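Right, one structure below, let's go through it.
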Amino acid sequence: MTAQQMPALFAAQAVALSARTGSLTSHAVDDLRTKAEELLPRGDDLRAAILSFATMYEEHRRDAYAVEKLGEGLERAVAVALNPDRPVARERRDIDG
């Protein structure tokens, strides 16, 4: 991840957290989509995750549970983008008890 791509990464994290807490706006999703399209190269996994999130948000924005789950998926994509060599293992017992 280059310094030029970091605004998209930070925006993705903010949107993911907003989705998980029920405070997400369509404006924030539109801004995120624009940043992803402008700053992230085609073929980038985070770009694909962001664009997928934005598309699915349009379909499910009135379903709070679905938006929360979409936010969790976007948050996982951000974690992978930040640490691509180490997979996110949420099923581990020592992490979640």
Side-chain angles (χ1 to χ4, degrees):
M1 189 74 36
T2 68
Q4 293 170 330
Q5 296 168 336
M6 293 306 282
L9 183 98
F10 290 137
Q13 182 65 33
V15 164
L17 291 174
S18 293
R20 292 185 60 210
T21 60
S23 60
L24 185 59
T25 65
S26 294
H27 181 70
V29 175
D30 291 341
D31 286 347
L32 176 60
R33 181 192 301 263
T34 300
K35 283 181 181 170
E37 290 173 342
E38 291 176 356
L39 301 175
L40 300 174
R42 292 186 189 271
D44 183 84
D45 290 339
L46 182 58
R47 177 188 169 124
I50 289 170
L51 297 179
S52 174
F53 173 88
T55 301
M56 296 302 291
Y57 175 78
E58 290 298 319
E59 284 184 44
H60 300 288
R61 69 177 180 232
R62 291 183 185 11
D63 182 350
Y65 181 75
V67 171
E68 180 182 344
K69 292 302 171 188
L70 289 171
E72 289 174 6
L74 184 57
E75 195 169 36
R76 281 190 297 277
V78 168
V80 169
L82 285 172
N83 203 359
D85 296 331
R86 185 170 180 222
V88 178
R90 297 298 304 163
E91 70 279 354
R92 286 181 39 194
R93 288 273 193 216
D94 59 325
I95 292 175
D96 293 328

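The model shown is predicted, which means the values in this text are computed figures rather than measured ones.
Looking at L39 and M6, their side chains never come closer than 4.5 Å, going by heavy atoms from C-beta outward. When side chains are defined from C-beta on, Y57 counts as touching L24, because their heavy atoms get closer than 4.5 Å. Contact of the I50 side chain with the E37 side chain is not registered, since no non-hydrogen atoms from C-beta on lie closer than 4.5 Å. Taking 4.5 Å as the limit, every side-chain heavy atom of D45 sits out of range of all side-chain heavy atoms of V80.
Considering only residues two or more places apart in sequence or on other chains, E72 meets the salt bridge (charged side-chain N to carboxylate O under 4.0 Å, His left out) condition with K69.
Between the CD atom of E68 and the CG atom of D63 there is a distance of 10.0 Å, given to the nearest 0.5 Å. Atom CZ of residue R47 and atom NZ of residue K35 lie 15.0 Å apart, to the nearest 0.5 angstrom. Note that the OG atom of S52 and the CG atom of L70 stand 8.0 Å from one another [nearest 0.5 Å]. Atom CG of residue L9 and atom CG of residue L82 lie 4.5 Å apart, to the nearest 0.5 angstrom.
Across R20 and G71, no two heavy atoms sit closer than the pair CG-C, 3.9 Å. Here the shortest heavy-atom pairing between L74 and A12 reads CD2-O, 3.6 Å.
L46 and L51 are members of different hydrophobic clusters when ILVMFWY side chains are connected at heavy-atom separations under 4.5 Å.
Atom CD of E59 has more than 12 neighbouring heavy atoms from other residues, nucleotides or ligands inside a 6.0 Å radius.
Counting only distance, with no hydrogens or angles, the side chain of T21 and the backbone of L17 share a donor-acceptor pair below 3.5 Å.
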